[in-house]
> 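Here it is, the structure, as structure tokens.
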Amino acid sequence: MAGGRLQVAAVRRRGVAIAFVVVLGLLNAQARAQFVGPPRPPASAISPEEVAVVVNVDAPLSVELGERYRELRRIPERNLIRVHLPGSPRRLSEAAFDQLRREIDRQADPSVEVLVLAWTAPYAVECNSITGALALGFQRELCKNTCSPSRPNPYFAAAPAVRPADAGIRLAMLLPTQSEAAGLALMQRGAASDGSRPQASAYLLKTSDANRSSRARLFPRSTFVWRQKLAVKNLVADAIEGERDVMFYFTGLVSVPKLETLGFLPGAVADHLTSAGGDLLGTGQMSSLRWLEAGATASYGTVSEPCNYWEKFPNPAVLMPHYLAGETVVEAYWKSVKWPGQGVFIGEPLASPYR
């Protein structure tokens, strides 16, 4: 993270009821959000019939785990999309991506609102993330200056009743397949989360790394959400250790220590604001895959230098209420990022602990 310029303009959304805006605690982005609870009425979450699984026929593990996931989540067989990505490159060229997108569009049923990419790589399209490019289109201009704003997310902070199709978007999430054991464990955590409503905590850390704590000013205050049995803990610390009730963990560091001491609950969401968390197989900074390996069910990271705009990272004051209202993690996560062109969403997309 080179430092970047943190924008301080108030977050505004159109077409959302004032009561819903108040619940999200985002009327004034210059003030720390006051977390009240999930919006009502409860969300009508994505169903398996609206999900397509995309597998790389040139990678046997992608095919195997994609089919296992389809069966586990009872996704119709017609929604299995087969593509060719020989060599599983980490980054695609714009031309290769255009070919991939055309093939996905050709096979996808019109009812599909979520694409599950059953592979670890590719995860980028030049400077764009593959999930961002599939949802919003490839942004060539962004690669001239990756610290510039990316295309706005039309689904950002959308009301519970708004479907991805209503916003003119098809969501995408990468289901990593770096190993059979890790892939199966991730799927099982997601399925085990459904309707679990555990006693849990959300850990929101403002760290000693000032540049990577740019979204800390948007963190909800410490409170307890009784209906969802969730303790929200707004902390000034570089790490937590030994906690066994983690449903949310948001922080900002190059590398997050002590993950091996934590207990992530099924459906847990966790990410760290840094430049290259989305470079999943890179070694320069901590990969977002480390969160999944530690037991989280979904995470997020950028694939190219974003600078520390909070708009390019998940906003917990948006993500948490939507997730607690019963939305799937792919819906809540996508709603929380205003400029997601460089960010790759990873995990088990249908996890829904509060559905």
Side-chain angles (χ1 to χ4, degrees), residues 11 13 16 20-21 23-26 33 35-47 50-51 113-116 131-132 135 153-167 169-175 189-190 193-198 200 202-204 215 218-220 225 227-228 230 232 246-250 264-271 288 291-292 296-301 310-311 313-340 343-355:
V11 176
R13 299 184 301 280
V16 182
F20 181 66
V21 177
V23 168
L24 293 181
L26 291 173
F35 184 81
V36 178
R40 296 185 182 186
S44 175
I46 291 289
S47 68
E50 297 165 319
V51 176
E113 301 209 46
V114 174
L115 297 174
V116 182
T131 55
N153 178 7
Y155 196 53
F156 175 70
V162 175
R163 310 290 291 176
D166 297 333
I169 191 172
R170 181 187 284 157
L171 309 183
M173 180 172 273
L174 190 152
L175 181 73
R189 288 199 299 276
S193 78
D194 294 351
S196 57
R197 301 175 64 86
Y203 297 92
L204 313 171
R215 63 177 172 171
L218 300 175
F219 286 169
V225 185
R227 188 164 176 263
Q228 277 70 27
L230 181 77
V232 180
V246 183
M247 180 58 74
F248 301 97
Y249 187 0
F250 301 106
F264 289 90
L265 298 170
V269 184
D271 63 60
S288 298
W291 291 106
L292 303 189
T297 302
S299 190
Y300 173 96
W310 65 261
E311 292 95 335
F313 294 88
N315 185 333
V318 177
L319 191 162
M320 291 165 57
H322 283 281
Y323 204 34
L324 293 173
E327 295 183 19
T328 60
V329 71
V330 69
E331 294 169 280
Y333 232 156
W334 261 97
K335 287 183 178 181
S336 75
V337 186
K338 191 173 185 180
W339 299 341
V344 61
F345 297 86
I346 66 173
E348 198 284 283
L350 293 181
S352 53
Y354 301 95
R355 190 169 185 176

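Note that the structure is predicted; figures quoted are calculated from it, not measured.
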> About how many Å separate OH of Tyr155 and CD of Glu113, when rounded to the nearest 0.5 Å?
7.5 Å
> Any side-chain heavy atom of Val330 within less than 4.5 Å of one from Phe345?
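Heavy-atom side-chain distance check fails, nothing below 4.5 Å.
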> Determine whether a donor-acceptor pair (N or O, by modelled atom type, separation under 3.5 Å) exists between the side chain of Trp334 and the backbone of Ala172.
yes
> Once you round to the nearest 0.5 Å, how far does CH2 of Trp339 lie from CH2 of Trp310?
8.0 Å
> Do Asn315 and Lys338 have side chains that approach each other closer than 4.5 Å (heavy atoms only, starting at C-beta)?
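With C-beta onward as the side chain, the pair stays apart.
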> At what distance, to the nearest 0.5 angstrom, does OG1 of Thr328 lie from CD of Glu50?
9.5 Å
> Can you find a heavy atom in the side chain of Arg189 that is under 4.5 Å from one in the side chain of Phe264?
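Arg189 vs Phe264: side chains apart.
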> Within the structure provided, determine whether Phe250 and Val269 are in side-chain contact (heavy-atom separation under 4.5 Å).
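Yes, their side chains come closer than 4.5 Å.
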> Is any side-chain heavy atom of Val318 closer than 4.5 Å to a side-chain heavy atom of Leu218?
no
> Tell me the closest heavy-atom pair linking Tyr333 and Ala270, and the distance in Å.
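Smallest interatomic distance, heavy atoms only, reads OH-O, 3.7 Å.
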> Are Ser288 and Val344 close enough that some pair of their side-chain heavy atoms sits under 4.5 Å apart?
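When only atoms from C-beta onward are counted, Val344 and Ser288 do not touch, as no gap falls below 4.5 Å.
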> Would the distance check show the side chain of Asn153 and the main-chain N or O of Val337 forming a donor-acceptor pair, the cut-off being under 3.5 Å?
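At least one qualifying donor-acceptor pair exists.
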> Measure across Gly190 and Glu348 and return the closest heavy-atom pair with its distance rounded to 0.1 Å.
CA-OE1, 3.1 Å
> Compare every heavy atom of Gly267 with every heavy atom of Pro353, then report the nearest pair and how far apart it is.
CG-CA, 4.0 Å
> Using the side-chain hydrogen bond (donor to acceptor under 3.5 Å, both in side chains) criterion, which residues pair with Tyr323? Sequence neighbours excluded.
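So Tyr323 forms no side-chain hydrogen bond (donor to acceptor under 3.5 Å, both in side chains) with any residue.
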> Provide the closest heavy-atom pair for Thr131 versus Gly343 in the form atom of the first, atom of the second, distance.
OG1-O, 3.1 Å
> Between CG of Leu324 and CZ of Phe248, what distance do you get to the nearest 0.5 Å?
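With rounding to 0.5 Å, CG (Leu324) is 4.5 Å from CZ (Phe248).
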> In this structure, which one of Leu171, Ile46, Leu115 forms a side chain to side chain contact (heavy atoms under 4.5 Å, CB included) with Val51?
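The passing option is Ile46.
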> Within a strict 4.5 Å, meaning less than it, do heavy atoms of the Val225 and Met320 side chains meet?
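No, their side chains stay 4.5 Å or more apart.
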> Taking the side chain as every heavy atom from C-beta outward, state whether Val329 and Thr297 have any pair of such atoms under 4.5 Å apart.
no
> If you measure from CZ on Arg215 to CD on Glu311, what distance do you get to the nearest 0.5 Å?
12.5 Å
> So, for Ser352 and Glu327, which heavy atoms are closest and what is the spacing to 0.1 Å?
CB-O, 4.0 Å
> Considering all heavy atoms of both residues, which atom of Asp271 and which atom of Tyr300 are nearest to each other, and what is their separation?
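Between these two residues, the closest heavy atoms are CB-O, 3.6 Å.
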> Using 0.5 Å steps for rounding, measure from the CD1 atom of Ile346 to the CG atom of Leu292.
4.0 Å
